[in-house]
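Every heavy atom of this structure was used, including side-chain atoms; hydrogens, water molecules and symmetry mates were not. The shown structure was predicted, so the numbers you read here are calculated from the model rather than taken from an experiment.
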Amino acid sequence: MQDAPKTWMVIGFVSPSNGAMVQAPGAVMTISEANIRDDVEVRNERQGKRTVIKCRAKGGR
């Protein structure tokens with residue numbers, strides 16, 4: 001299992017056509033792995049018309 005990044009990193013995005021979560025190419029971890037790990041924060045952020053999924057280590061900065 002890889003360490004969580006210290007800064008916010010994109011791990012996926014929400015498909016605008018059907019609302020499915022899609023893994024970003026070259027992501028440091030999967031979306032499901034980030035959601036179940038206790039040491040990782042996950043957030044959804046709008047960038048234009050697309051919603052991206054980002055993660056970082058808890059207490060990062």
Do any pairs count as a salt bridge (charged side-chain N to carboxylate O under 4.0 Å, His left out) and have a residue in residues 18-27, sequence neighbours left out, and if so which ones? none
side-chain hydrogen bond (donor to acceptor under 3.5 Å, both in side chains) partners for Arg37, two or more places apart: Glu33, Asp39
Glu45: what forms a side-chain contact (heavy atoms from CB on, under 4.5 Å) with it, not counting sequence neighbours? Arg43, Gln47, Val52, Lys54
Residues in side-chain contact (heavy atoms from CB on, under 4.5 Å) contact with Thr51, at least two apart in sequence or another chain: Val14, Asn44, Arg46
In terms of heavy-atom contacts, Phe13 and Gln23 come closest through CE2-O, 4.5 Å
Would a 4.5 Å heavy-atom cut-off, applied to side chains only, mark Lys49 and Pro16 as touching? no
Taken in chain and number order and not counting sequence neighbours, the residues that satisfy salt bridge (Lys or Arg N to Asp or Glu O under 4.0 Å) with Asp3 are none
Correct closest heavy-atom pair for Cys55 and Pro5 would be O-CG, 3.9 Å
Which heavy atom in Ala4 sits nearest to a heavy atom in Arg56, and how many Å separate them? CB-C, 4.3 Å
Looking at Gly59 and Glu41, what are the two nearest heavy atoms and their distance? N-OE1, 3.8 Å
Ser15: side-chain hydrogen bond (donor to acceptor under 3.5 Å, both in side chains) partners, not counting sequence neighbours: Ser17, Asn18
Shortest non-hydrogen contact from Val28 toward Met9: CG1-CE, 4.2 Å
For the residue pair Thr30 and Ile11, establish whether any side-chain heavy-atom pair is separated by less than 4.5 Å. no
Taking all atoms of both residues into account, what is the closest heavy-atom pair of Val22 and Ile31, and its distance? O-CD1, 3.8 Å
